[in-house]
Amino acid sequence: MHELSLAQGIVELIEEQARAQRFTKVRRVHLVVGALSHVMPEALEFGFVSAAKGTVAEGAEVVMTRPPGTASCVGCEKNVTIERRGDPCPECGSFQVLITGGDELRVSHLDVE
Ligand SMILES: [Zn+2]
């Protein structure tokens, strides 16, 4: 389950920030998980809860924003929104679409004390 290692990476990032910014507790972690990222939100949250045990992030609430996938269509040259990788262009049905956004996974910010 690669969500667990992603979650561990997030917790490590939070611990680094905790050292640099001297906070001791994280209330909420705001994550951006693009609709086209290869991440299952439930699995990521589960992994986070377990990776956060014994760290400043233990017990933190996970808040996820799910930006839609965006793509540029080769067929009709429009910028479109797609739900999943491999989906055709909703405008013209072409499968030649280039993903331009919505595949990111990152920490947007932390609510700390
Ligand atoms: Zn198209």
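No hydrogens, no waters, no symmetry mates; every other heavy atom, side chains included, goes into these values. In listed order, ligands and their atoms are each counted from 1.
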> How would you list all residue pairs meeting salt bridge (charged side-chain N to carboxylate O under 4.0 Å, His left out) that involve residues 46-55, not counting sequence neighbours?
Replying inline: none
>> Show every salt bridge (charged side-chain N to carboxylate O under 4.0 Å, His left out) that has at least one partner inside residues 59-79, sequence neighbours left out.
In response: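 Listed once each, the pairs are Arg28-Glu61, Lys78-Glu91.
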> Would you call Thr70 and Asn79 a side-chain contact if the rule is heavy atoms closer than 4.5 Å?
Replying inline: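 With C-beta onward as the side chain, the pair stays apart.
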>> Are Pro88 and Val97 packed together at the side-chain level, in the sense that at least one heavy-atom pair is separated by less than 4.5 angstrom?
In response: no
>> Restricting to under 2.8 Å, identify the protein N, O or S atoms around the Zn ion (ligand 1) as residue plus atom.
In response: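 The answer is Cys73 SG, Cys76 SG, Cys89 SG, Cys92 SG.
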> Which residues, ordered by chain and number, are linked to Val62 in its hydrophobic cluster, where ILVMFWY side chains connect at heavy-atom gaps below 4.5 Å, directly or through other members?
Replying inline: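 The other cluster members (ILVMFWY side chains, heavy atoms under 4.5 Å, direct or chained) are Leu6, Ile10, Val11, Leu13, Ile14, Phe23, Val26, Val29, Leu31, Val33, Val39, Leu44, Phe48, Val56, Met64, Leu105, Val107, Leu110, Val112.
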> More than 12 non-hydrogen atoms from neighbouring residues, nucleotides or ligands closer than 6.0 Å to CD on Glu83, yes or no?
Replying inline: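 No, CD of Glu83 has 12 or fewer neighbouring heavy atoms, counting only those of other groups under 6.0 Å.
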